[in-house]
Amino acid sequence: AQTVTQSQPEMSVQEAETVTLSCTYDTSESNYYLFWYKQPPSRQMILVIRQEAYKQQNATENRFSVNFQKAAKSFSLKISDSQLGDTAMYFCAFIHTSGTYKYIFGTGTRLKVLA
Amino acid sequence: EAQVTQNPRYLITVTGKKLTVTCSQNMNHEYMSWYRQDPGLGLRQIYYSMNVEVTDKGDVPEGYKVSRKEKRNFPLILESPSPNQTSLYFCASSLSPNSYEQYFGPGTRLTVT
């Protein structure tokens with residue numbers, strides 16, 4: 001079965017510091033995309049970053065970067081220079097790029113940035 | 001403005017009373033999807049649609065129906081709602097299944113008593 005596991009239900013970080021959210025997944029396919037989504041208290045779902053499984057280079061978007069370890073099926077999110085606006089629920093997700101096109105999401109990590 | 005709209009935003013209903021949650025996107029996206037979000041369970045995909053008249057089950061389709069008669073609309077139908085369908089529901093769309101971003105609607109909070 002395809003699964004996504006986020007083992008940290010809650011985390012906190014001091015403003016301006018760095019935090020890493022972990023995500024592991026399970027799939028027998030070799031072609032897929034991985035995502036991190038952010039859900040602030042407004043409930044709106046916002047894409048943070050995307051990684052194509054065929055790319056070895058880790059994706060980066062400003063203060064957000066990933067550590068993608070395909071063999072280990074690991075996809076962690078690093079947030080640098082944390083800001084109060086980063087306080088949110090973060091979801092890891094993946095979708096295969098062929099066959100079925102189901103999205104699989106993790107259970108989420110609630111991140112609180114402390115002033 | 002590019003957006004995904006859902007209606008209603010909040011709904012309280014009783015067991016067994018059929019309801020429909022509408023979803024519409026104005027971006028000419030091919031892929032549309034419904035999710036439910038429950039505490040501790042994250043988002044789970046209910047149904048998705050690759051294009052008009054093409055729908056497929058996600059991980060939790062039981063108790064739900066969908067249709068895709070027009071590209072822009074993807075309604076979610078609960079023919080006989082039950083209390084275990086109390087949840088936060090999101091509709092989402094993207095240009096293609098694995099395109100850069102899914103655009104999410106604002107969510108519908110459903111309570112079934």
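Here is the naming used below: chain letters follow the sequence lines, and residue numbers restart at 1 for every chain.
If you measure heavy-atom distances from B:Tyr103 to chain A, you find no contacts under 4.5 Å at all. Looking at A:Ile46, there are no atoms closer than 4.5 Å to chain B (heavy atoms on both sides), in backbone or side chain. For a residue to count as touching a neighbouring chain, one of its non-hydrogen atoms must lie under 4.5 Å from one of that chain's; by this rule A:Gln39 touches chain B with the side chain only. With a 4.5 Å cut-off on non-hydrogen atoms, B:Leu43 touches chain A through its backbone and its side chain both.
With contacts defined as side-chain heavy-atom distances shorter than 4.5 Å, the pair A:Ile95/B:Tyr31 qualifies.
Residue A:Lys102 holds its NZ atom at 7.0 Å from OH of B:Tyr48, rounded to the nearest 0.5 Å.
Applying the 6.0 Å contact sphere to NZ of A:Lys73 captures more than 12 heavy atoms from other residues, nucleotides or ligands. Atom CD1 of B:Ile77 is surrounded by more than 12 heavy atoms from other residues, nucleotides or ligands within 6.0 Å. Other residues, nucleotides and ligands contribute only 12 or fewer heavy atoms inside 6.0 Å of the CG atom of A:Asn62. For A:Gln57, the CD atom is loosely surrounded, since the number of other residues' heavy atoms within 6.0 Å does not exceed 12. More than 12 heavy atoms of other residues, nucleotides or ligands lie within 6.0 Å of CZ in A:Arg63, so this atom counts as buried by the packing criterion.
No donor-acceptor distance shorter than 3.5 angstrom exists from the side chain of B:Gln102 to the backbone of A:Leu47, with no hydrogens or angles considered. Remark: side-chain polar atoms of A:Tyr103 are not paired, donor with acceptor, to backbone N or O of B:Ser33 under 3.5 angstrom.
The choice from B:Asp38, B:Asp56, B:Asp59 that makes the most heavy-atom pairs within less than 4.5 Å of chain A is B:Asp59.
B:Val60 and A:Phe91 fall into different hydrophobic clusters, where Ile, Leu, Val, Met, Phe, Trp and Tyr side chains are chained together by heavy-atom contacts under 4.5 Å. When hydrophobic clusters are built by joining Ile, Leu, Val, Met, Phe, Trp and Tyr residues whose side-chain heavy atoms come closer than 4.5 Å, directly or via intermediates, B:Trp34 is not grouped with A:Phe105.
Closest of all the heavy-atom pairs between A:Tyr37 and B:Glu101 is OH-C, 4.4 Å.
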